[in-house]
Amino acid sequence: MKQLVTKKSHDAFAEACKYIPGGVNSPVRAFGPVGGKPLFIASGSGCKITDIDGNSYIDYVCSWGPLILGHAHAAVIEKVNATLQKGTSFGAPTILETQLAKLIKEAIPSVEKVRMVNSGTEATMSAIRLARGYTKRNLVIKFDGCYHGHVDGLLIQAGSGATTLGIPTSPGIPQDYARNTLTLPFNDIDAVKDVCNRRGSETACIIVEPVAGNMGVVPPKPGYLQGLREITRKHGIVLIFDEVMTGFRVAYGGAQTLYSVAPDLTTLGKIIGGGFPVGAFGGRAEIMDCLAPSGSVYQAGTLSGNPVAMAAGIATLEKLKGKDTYKTLENLSKKLGEGLETSARNAGVPTCHTRVGSMLCTFFTDKPVTDYATAKKSDTQRYAAYFRGMLERGIYLAPSQFEAVFVSIAHGEKEIEATIKASTEVMKGIK
Ligand code: HOZ
């Protein structure tokens with residue numbers, strides 16, 4: 001293990017802090033909860049990233065999920081380059097938008113029509129407005145620890161950075177917004193039944209990450225998603241699956257095909273942009289057609305459906321469609337998950353390991369993690385020590401206990417083995 005020299009990153013961070021709040025453009029990146037300072041990245045190739053001091057790491061953040069093909073994949077770069085030469089934005093339709101929409105519809109049968117936006121946050125915000133417009137109801141039900149972007153009405157008991165930084169409900173959200181959001185424990189179907197029996201007729205939508213990925217990775221209990229489908233159908237509530245993280249990740253058709261539950265609306269992002277800023281929301285045509293200009297629910301965007309981003313998304317999905325992609329991802333991820341679990345067990349460190357496809361998590365707790373309350377029992381100091389030990393050995397994990405490990409098809413057996421070896425060493429030193 002060589003001593004990490006990160007002086008250039010530290011200097012760059014000090015400079016960034018002069019101009020950017022907290023020195024970063026998204027809070028979890030600041031490394032606050034794991035100690036130390038963020039690394040500034042110079043380049044990425046395959047499953048590796050290199051910082052501006054020249055240190056190279058096996059990357060399991062993968063830009064927080066989008067880079068399922070790895071960094072700078074040749075097919076993506078080639079299509080993006082070709083598209084760039086023809087212009088970067090027109091604010092008018094291009095054929096690329098329809099091509100990506102068609103690929104999404106083919107992959108996710110519940111999506112009959114889809115609208116492109118610029119981020120996952122925009123997708124959930126728009127899907128909720130649409131659900132409200134469609135049902136003419138106001139109430140939204142979400143689940144503790146699920147994160148749906150930084151939308152006002154959804155930043156209540158939210159996961160991801162909000163949990164990492166201990167901000168359960170952000171200041172700046174008017175009481176009037178918060179009043180229209182009910183939060184319930186994830187994986188507790190009786191709680192949903194109970195609330196819907198009392199307030200179902202006021203409820204516009206239930207929004208859920210079908211596999212929670214922003215309080216660490218928490219899979220749905222068997223029958224939970226089916227239960228949500230039955231309750232929402234009974235009460236005329238729009239069921240929204242937030243598949244920004246899981247879409248094209250846990251299966252080509254997302255969590256909804258993996259668990260065979262069709263929501264009314266789906267939000268997407270990350271992978272469908274191939275590393276560019278993209279989001280999308282889609283679903284039943286009857287609901288989607290309520291959007292302007294076919295309907296009266298307003299939603300718009302100058303850069304929505306941007307040709308360069310569409311090109312990256314198309315190249316990524318085309319590649320993912322290839323034979324055995326998800327089998328390869330599953331095998332690599334299984335090996336990694338089992339190896340990490342063994343490393344903890346052999347060192348006597350109490351941990352709970354979760355995995356759905358190529359999304360994994362090591363929670364530093366001895367109890368099973370099934371929801372936000374149990375996820376929050378994790379020892380974040382131990383995670384921080386683990387994170388730092390792994391980083392020193394060239395493994396780049398998310399700088400927060402409450403995020404996922406993402407495996408890409410660019411990771412190979414060699415990197416998985418190196419990661420397990422590093423984990424074995426680090427776990428031995430965890431107090
Ligand atoms: N919301 C992302 C994690 N779930 C963080 C995005 C970022 O910092 O880039």
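Remember, it's 1-based here, ligands and their atoms both numbered in the order they're listed. FYI, the numbering just counts along the sequence from 1.
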Q) With a 4.0 Å cut-off, would you call K105 and E112 a salt bridge? A) no

Q. Could E413 and K335 be called an ion pair, given the rule that one side-chain N must be under 4.0 Å from one carboxylate O?
A. yes

Q | Those atoms of ligand 1 less than 4.0 Å from some heavy atom in N214 | A | 4 (N)

Q | Nearest-0.5 Å distance that lies between atom OG1 in T94 and atom CD in Q99 | A | 8.0 Å

(Q) Would R29 count as a polar contact of ligand 1, with the cut-off being nitrogen or oxygen pairs under 3.5 Å? (A) yes

Q) Could you walk me through whether K334 and E338 pass the salt bridge (charged side-chain N to carboxylate O under 4.0 Å, His left out) check? A) CA-CA 6 Å; K334 184 166 183 281; E338 287 173 356; 3.2 Å; yes

Q: For the pair D264 and R229, find out whether any cationic side-chain nitrogen is under 4.0 Å from an anionic carboxylate oxygen.
A: yes

Q: Provide the number and element of each atom of ligand 1 under 4.0 Å from a heavy atom of Y147.
A: 1 (N)

Q.
Counting only heavy atoms closer than 4.0 Å, does ligand 1 sit against the backbone of V24, its side chain, both, or neither?
A. neither

Q: List every atom of ligand 1 that sits less than 4.0 Å from any heavy atom of E403, numbering the atoms from 1 in the order shown and giving each element.
A: 3 (C), 4 (N)

